[in-house]
Amino acid sequence: MVRLMPSLLSADFANLQAAIESVPSADALHVDVMDNHFVPNLTLGLPVFESIRAATPVMLDVHLMIEDPDRWAPAYAEAGAESVTFHVEAAAAPVRLARELRGRGARASMALKPATPIEPYADLLPELDMVLIMTVEPGFGGQKFLDLCLPKIERTRALLDKVGGDVWLQVDGGVSAETVERCAAAGVDSFVAGSSVFGADDPDAMVAELRRLALAAAG
Ligand code: DX5
Ligand code: ZN
């Protein structure tokens, strides 16, 4: 099972409707929320998210790169996000937060920056529906994929296999036709791709190509 989740960060923010319609084969749309504190960039918040929600029935995968997700994340679940990802570096009480997200009907997801190890959070995995391993430092699209994250992806895959259940493993950052195969081979099932998709002449054809490469490499 492979899921492709184009990141709207690389789309035209003045025409998100067109961007949404340009990737009909996407499994979900990835929505990056940045607060200019947790990361040195600012994107969009709840009002814009609500407009995106109203514009499409497709699964929305919200990635919160914000401080104090304990306070702000549940509102995205209430606004209809199927999946809400918080950064564990920013969460005061990740277990409580994950339970609040699930309680509001969303998948609960935890993200790790490149320098954050997975091992201290191994016991939390049953509380989660997805783990996001960042493969760039969060904050900007179009950065180079960090190969140093691959061993952590493999270790996370092994931990998730041990836990069982249906916890998705996602990567975000620098995912392209050049890097998607090594992620799939390391055990990733959910792929965020921003610049490679929305920078392509035909975004939906790139989604199909990434899916083809990932499926082949997943073996
Ligand atoms: C970056 C964001 C990503 C971003 C990825 O911090 O979380 O979702 O859109 O962009 P690319 O795919 O261009 O690296
Ligand atoms: Zn993201």
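Order of listing sets the numbers, starting from 1, for every ligand and every atom in it. All values below were derived from every heavy atom in this structure, side-chain atoms included, with hydrogens, water molecules and symmetry-related copies excluded.
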S.K.: Are the side chain of D61 and the backbone of A28 linked by a donor-acceptor contact shorter than 3.5 Å?
M.R.: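 Not a single qualifying donor-acceptor pair exists.
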
S.K.: Which of these passes side chain to side chain contact (heavy atoms under 4.5 Å, CB included) with M110: L124, T85, T116?
M.R.: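 Filter result, single survivor: L124.
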
S.K.: Short N or O contacts of ligand 1 with protein, under 3.5 Å, listed by atom name?
M.R.:
unit_1, atom_1, unit_2, atom_2, d
ligand 1, 6 (O), G139, N, 2.7
ligand 1, 7 (O), D32, OD1, 3.0
ligand 1, 7 (O), H63, ND1, 3.2
ligand 1, 7 (O), D172, OD2, 2.9
ligand 1, 8 (O), H30, NE2, 3.3
ligand 1, 8 (O), D32, OD1, 3.1
ligand 1, 8 (O), D32, OD2, 2.8
ligand 1, 8 (O), D172, OD1, 2.7
ligand 1, 8 (O), D172, OD2, 3.0
ligand 1, 9 (O), S7, OG, 2.7
ligand 1, 9 (O), D32, OD2, 3.3
ligand 1, 12 (O), G194, N, 2.8
ligand 1, 13 (O), G142, N, 2.8
ligand 1, 13 (O), S195, N, 3.0
ligand 1, 13 (O), S195, OG, 2.5
ligand 1, 14 (O), G174, N, 2.8

S.K.: With no hydrogens and no angle check, is any side-chain donor or acceptor of K152 less than 3.5 Å from a backbone partner on P114?
M.R.: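 Yes, the answer is positive, given that a donor and an acceptor are paired below the 3.5 Å cut-off.
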
S.K.: Are the side chain of D204 and the backbone of S25 linked by a donor-acceptor contact shorter than 3.5 Å?
M.R.: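 Yes, the answer is positive, given that a donor and an acceptor are paired below the 3.5 Å cut-off.
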
S.K.: Would you check if the side chain of Q143 reaches a backbone N or O of E137 as a donor-acceptor pair within less than 3.5 Å?
M.R.: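 At least one qualifying donor-acceptor pair exists.
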
S.K.: Suppose we screen for side-chain hydrogen bond (donor to acceptor under 3.5 Å, both in side chains). Which residues come up paired with D35, at least two apart in sequence or across chains?
M.R.: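 Here no residue qualifies.
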
S.K.: Have S7 and D32 got a donor and an acceptor in their side chains that come within less than 3.5 Å?
M.R.: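 There is such a pair between these side chains.
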
S.K.: Taking 4.0 angstrom as the limit, do R53 and E50 come out as a salt bridge?
M.R.: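 Salt bridge between R53 and E50, a charged N being under 4.0 Å from a carboxylate O: no.
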
S.K.: Is any protein N, O or S atom closer than 2.8 Å to the Zn ion (ligand 2), and if so, which?
M.R.: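 You should have found H30 NE2, D32 OD1, H63 ND1, D172 OD2.
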
S.K.: Residues in side-chain hydrogen bond (donor to acceptor under 3.5 Å, both in side chains) with E78, at least two apart?
M.R.: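 If we apply the side-chain hydrogen bond (donor to acceptor under 3.5 Å, both in side chains) test to E78, skipping adjacent residues, the hits are R104.
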
